[in-house]
Number of protein chains: 2
Amino acid sequence: MMVTAVKTRKRTLKAKAPVKTRAAILPPVHDLPPVHGLPVNQILKGDCIEMMRSLPSASIDMIFADPPYNLQLGGNLARPDGSHVDAVTDAWDQFDSFAVYDRFTREWLSEAYRLLKPNGSIWVIGSYHNIFRLGTMLQDMGFWILNDIIWRKTNPMPNFKGTRFTNAHETLIWAAKSEKAKYTFNYRAMKTLNDELQMRSDWVLPICSGKERLKRNGTKAHPTQKPESLLYRVVLATTNKGDVVLDPFFGTGTTGAVAKRLGRHWIGCEREDSYIEVANERIELALPLDESALKTMQSKRAAPKVPFGSLVESGWLAPGAVLTDKKRRWQAIVRADGSLAVGQDTGSIHGMGTKVQNAASCNGWTFWHYQDKDDAKNDLKPIDTLRQRYLLAIED
Amino acid sequence: MMVTAVKTRKRTLKAKAPVKTRAAILPPVHDLPPVHGLPVNQILKGDCIEMMRSLPSASIDMIFADPPYNLQLGGNLARPDGSHVDAVTDAWDQFDSFAVYDRFTREWLSEAYRLLKPNGSIWVIGSYHNIFRLGTMLQDMGFWILNDIIWRKTNPMPNFKGTRFTNAHETLIWAAKSEKAKYTFNYRAMKTLNDELQMRSDWVLPICSGKERLKRNGTKAHPTQKPESLLYRVVLATTNKGDVVLDPFFGTGTTGAVAKRLGRHWIGCEREDSYIEVANERIELALPLDESALKTMQSKRAAPKVPFGSLVESGWLAPGAVLTDKKRRWQAIVRADGSLAVGQDTGSIHGMGTKVQNAASCNGWTFWHYQDKDDAKNDLKPIDTLRQRYLLAIED
DNA sequence: CCTATCGTTGAATCTGGTC
DNA sequence: TGACCAGATTCAACGATAG
């Protein structure tokens with residue numbers, strides 16, 4: 001079996017281009033010592049299992065794998081405005097059964113196990129369609145799970161038909177090769193990145209869009225391109241400078257681009273020519289992360305928004321409680337879902353405030369009041385004071 | 001095999017207690033129709049698998065299960081043949097203990113599958129130690145996963161050693177009994193609860209602490225008591241009033257307390273006397289919500305259907321009236337039979353909306369607009385507002 | 001140049017009743 | 001069981017265009 005190494009174009013060639021790119025102007029940032037016996041900083045073209053078999057055992061420091069999710073989609077899906085949703089229907093995501101998917105998974109995970117150094121670690125990412133199978137198989141193969149990480153998307157696609165909860169996250173699993181392994185975890189770097197608080201297992205990051213999203217002929221080059229901010233955190237947390245990172249499902253090369261920026265070696269496996277081409281161009285141009293990408297890496301410390309319903313389900317205000325305005329002109333009953341009922345009319349705290357006053361708008365938090373039982377005087381307090389207390393209670 | 005029903009104490013008994021509880025003073029608010037052939041609103045004392053075997057097939061609307069997941073951590077673990085399993089030291093033992101855990105899981109999940117009604121659904125909760133095995137087994141048994149939900153803890157325990165990411169979440173899986181099942185999802189109630197945004201798959205809720213955390217002799221009564229807010233959302237989202245909710249790992253009865261409050265029947269399985277005692281006391285004190293508070297915002301799907309023709313024959317819209325789309329690109333004439341005419345073409349409000357836009361489908365109620373005479377500004381309103389008024393008018 | 005509005009789009013297991 | 005059709009259903013971010 002032949003390994004075809006598709007090298008990224010040489011910097012010297014790029015410098016002759018008529019328009020100087022920033023990559024051509026800037027000096028190379030890292031000067032890493034070479035790695036012997038490994039085809040580093042290349043894309044290996046071909047089936048990932050075969051490509052991995054061509055590499056020597058115990059040679060890789062970290063593996064990041066974004067395998068097919070095995071989505072099992074029904075027919076076409078339309079948005080409420082009638083437009084068509086461009087779904088992931090590529091051949092590479094089609095498997096006949098869980099058994100077929102499991103066999104495929106076991107094969108590439110076996111190679112991953114062999115390739116990892118004893119103290120190396122692996123990351124896999126998936127959704128509920130496949131992540132449970134990945135996790136089970138990791139455990140059965142002797143990997144030792146260190147964390148499951150939730151990527152909470154700030155801007156997920158909604159559930160257009162209102163049939164389920166909005167699927168607003170993906171799950172990553174981080175595992176060592178054994179229970180006793182001395183894996184790399186850059187605790188200090190993570191804490192710094194997170195405003196001096198321990199980095200948690202839930203990461204709030206936007207999906208990959210805008211200028212970061214790679215395009216070919218005006219359409220997305222890859223259906224499931226991951227954001228660089230996600231890989232940045234993964235690579236920074238669990239590798240050291242000069243380490244070798246392997247991505248068996250390289251796609252458009254997010255892992256390679258981030259590894260290059262952070263001074264790590266990378267190896268990618270990819271079958272599709274079109275992805276390889278895009279990835280090589282991208283990595284060649286890889287620069288220090290741009291402003292917007294850096295910004296998303298910092299934690300967001302803004303106070304969380306509190307839906308009125310949270311007060312109800314957390315028991316701060318019981319369904320059935322009576323709210324009034326400050327002058328007790330109107331009464332409203334709190335209902336189980338956090339809506340208010342005024343006579344036959346129902347709606348949100350803001351909507352009902354607007355309605356009873358026949359106003360253009362209304363801030364329900366300050367308009368509606370409740371009677372505090374602990375208060376001897378029959379004073380009314382705006383429900384906003386409950387929100388303040390709730391915020392204090394849930395504060396980290 | 002005997003089923004021991006440990007009933008919650010009767011209200012009349014409670015009334016004789018020296019200290020009157022709130023539950024004793026208030027009249028019972030719900031009057032749920034009885035459920036025949038099921039020991040509802042009781043704790044079944046004993047092994048959960050045996051208890052579940054005593055219940056009839058296809059009798060349960062929703063199952064919430066918080067199974068133990070410390071089995072592989074070196075506690076006393078017995079193989080099915082009774083022999084002792086040594087503490088987990090290597091991958092083989094680890095695999096061995098997973099096999100035991102899997103067998104246990106398969107047994108109670110089989111019973112859960114049998115007990116669920118065809119359109120019922122199941123919730124399981126766990127951490128990375130066991131959730132992947134639960135998810136895989138659910139899929140292998142034919143359950144159809146609807147969502148995985150992340151309970152994002154606002155106040156998790158820090159990782160004291162700084163060796164990993166702070167484990168700040170737990171994972172829930174929500175699954176139907178089959179792909180085609182018509183499961184219950186109260187979309188509108190969830191949207192209302194979340195300030196008019198779709199409820200997402202990541203839920204931010206505090207852990208159970210403070211006054212809610214049940215104590216015995218000054219220490220926590222149960223090591224993993226779940227917050228009521230979590231169960232509140234689960235029960236409100238995926239059951240209807242009067243449904244039967246089963247919790248095979250009842251513990252201190254959070255599921256029962258919330259079910260009672262929300263007007264659902266509950267059944268709990270629990271082995272430990274101390275938990276049963278605490279749970280019964282707690283549920284006895286839980287206050288059911290009254291009818292009006294229990295009501296939630298209804299989706300249009302649940303509202304009675306209004307044929308467009310009804311608006312015409314009731315005089316809300318005269319034959320000959322002119323409808324347009326929002327941007328006045330197309331005009332349609334209302335005809336006496338409730339059909340629309342656009343030029344020579346005629347059809348339903350939906351059909352004509354579809355046709356003029358050359359779209360795949362169209363909701364005529366929101367597409368077609370009329371001009372309100374009472375409105376001084378020449379604003380167009382969707383004919384859906386007429387339907388809303390009609391619905392209010394015919395409501396008694 | 002700034003702001004408002006409109007159109008587009010993203011790993012999605014995405015309707016239900018009747019004939 | 002499949003075809004038909006009434007009708008319910010979306011959030012955040014980005015880019016282009018208009019004012």
Side-chain angles (χ1 to χ4, degrees), chain A residues 66-90 92-95 98 125-131 151 153-171 206-213 215 218-220 222-227 249 251 292 296, chain B residues 139 143-148 174-176 178-180 182-183 185 187-188 191 194-201 298-303 305-309 326-327 338 347-354 360-368 383-384 387:
Chain A
D66 181 11
Y69 286 12
N70 189 24
L71 300 183
Q72 296 151 60
L73 306 178
N76 282 338
L77 180 63
R79 298 189 174 82
D81 65 7
S83 64
H84 168 77
V85 176
D86 185 18
V88 180
T89 50
D90 306 65
W92 50 254
D93 199 44
Q94 305 300 317
F95 295 85
F98 281 132
I125 181 168
S127 65
Y128 66 83
H129 309 86
N130 69 327
I131 197 66
W151 169 25
K153 302 179 184 182
T154 55
N155 47 353
M157 196 187 301
N159 181 295
F160 296 116
K161 303 295 185 190
T163 57
R164 305 180 180 189
F165 298 98
T166 306
N167 202 351
H169 73 275
E170 293 190 30
T171 302
I207 61 176
C208 182
S209 68
K211 274 179 284 183
E212 189 189 335
R213 188 83 193 211
K215 300 272 168 63
T219 57
K220 54 188 174 190
H222 192 283
T224 69
Q225 186 183 341
K226 296 293 176 287
F249 306 95
S292 65
T296 61
Chain B
Q139 290 179 315
F143 284 102
W144 189 249
I145 296 182
L146 298 166
N147 277 116
D148 59 335
W174 175 42
S178 73
E179 182 179 354
K180 301 294 176 204
K182 298 190 194 311
Y183 54 89
F185 180 54
Y187 174 75
R188 204 64 194 72
K191 190 167 174 176
N194 196 37
D195 264 8
E196 290 305 307
L197 287 180
Q198 287 191 336
M199 188 69 82
R200 299 165 39 115
S201 58
Q298 289 300 306
S299 67
K300 281 188 188 164
R301 273 194 198 114
K305 205 173 124 178
V306 177
F308 179 66
K326 194 168 186 173
K327 294 186 181 169
S348 71
I349 52 172
H350 315 296
M352 294 317 295
T354 306
S361 71
C362 167
N363 181 352
W365 290 107
T366 50
F367 177 74
W368 293 110
I383 54 176
D384 197 49
R387 174 168 61 166

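Quick note on labels: first sequence line is chain A, next is B, and so on, each numbered from 1.
Residue contacts shown for A:Pro67 include a base, since a base heavy atom lies under 4.0 Å away. At a threshold of 4.0 angstrom between heavy atoms, the contacts of A:Pro156 include nucleobase atoms, whether or not backbone atoms are also involved. Residue contacts shown for B:Ser348 are limited to sugar-phosphate atoms, with no base heavy atom under 4.0 Å away. Residue contacts for B:Asp384: at a heavy-atom cut-off of 4.0 Å it reaches no nucleic acid atom on any strand shown. Using a 4.0 Å heavy-atom distance criterion, A:Asp93 is classed as a base contact. Among the protein residues, A:Thr224 comes within range of the nucleic acid bases, having at least one heavy atom under 4.0 Å from a base atom. Residue A:Arg79 is classed as a base contact, given a heavy-atom separation below 4.0 Å to a base. As judged by a 4.0 angstrom heavy-atom cut-off over every strand, B:Gln198 is placed among residues touching the sugar-phosphate backbone only. Residue B:Arg188 is out of contact with every strand shown, counting any heavy-atom pair closer than 4.0 Å. Note on A:Gly126: nothing from the nucleic acid sits closer than 4.0 angstrom, heavy atoms only. B:Leu197 comes within 4.0 angstrom of sugar-phosphate atoms only, judged by non-hydrogen atoms across all strands, and of no base.
Using a 4.0 Å cut-off, no side-chain N or O of B:His350 falls inside it from OP1 or OP2 of D:dA6. Of the side-chain N and O atoms in B:Tyr187, one or more sit less than 4.0 angstrom from OP1 or OP2 of D:dT10. Using a 4.0 Å cut-off, no side-chain N or O of B:Asn363 falls inside it from OP1 or OP2 of D:dT9. Taking side-chain N and O atoms only, A:Arg213 has a distance below 4.0 Å to OP1 or OP2 of C:dA11. In this structure, A:Lys220 reaches the C:dG10 phosphate: one of its side-chain N or O atoms is under 4.0 Å from OP1 or OP2. Residue A:Lys226 has no polar side-chain atom (N or O) positioned under 4.0 Å from OP1 or OP2 of C:dA11. The phosphate of C:dT9 has neither OP1 nor OP2 within less than 4.0 Å of any side-chain N or O from A:Ser209.
With ring centers used as reference points, B:Tyr183 lies under 6.0 Å from B:Trp174. The aromatic ring centres of A:His129 and B:Trp144 sit 6.0 Å or more apart.
Taking both residues in full, the closest heavy atoms of A:Pro223 and A:Asp90 are given as CG-OD1, 3.7 Å, listed atom of the first, atom of the second, then distance.
Taking for each of A:Lys211 and A:Ala78 the nucleotide of DNA chain D with the nearest heavy atom, the 5'-most of the two is the partner of A:Ala78. With the nearest nucleotide of DNA chain C identified for both A:Asn167 and A:Ser83, A:Ser83 has the one nearer the 5' end. Toward the 5′ end of DNA chain C lies the nearest nucleotide of A:Ala87, the other residue of the pair A:Ala87 and B:Lys182 mapping further downstream.
Nucleotide C:dA12: unpaired (no Watson-Crick or G-U wobble partner with both distances less than 3.5 Å). In this entry D:dT9 has no Watson-Crick or G-U wobble partner, no candidate having both defining distances under 3.5 Å. Nucleotide D:dG15 forms a pair with C:dC6, judged by Watson-Crick or G-U wobble geometry with both contacts under 3.5 Å.
You'll find that the side chain of B:Gln139 is closest to C:dT13, out of C:dT13, C:dC14, D:dA8.
For C:dT13, the base adopts the syn conformation, since its glycosidic angle falls within 90 degrees of zero.
One finds the CZ atom of B:Phe185 at 8.0 Å from the CE atom of B:Met199 (value rounded to the nearest 0.5 Å).
Defined by atom type and a distance below 3.5 Å, a donor-acceptor pair is present between the side-chain atoms of A:Ser83 and A:Arg79.
Put simply, the side chain of B:Ser201 never gets that close to the backbone of A:Phe165: no donor and acceptor are under 3.5 Å apart.
Comment: A:Glu212 does not engage A:Lys226 in a salt bridge, judged by the lack of any side-chain N to carboxylate O separation of less than 4.0 angstrom.
Atom CZ in A:Arg164 sits about 17 Å away from atom C1' in D:dT10, given to the nearest Å.
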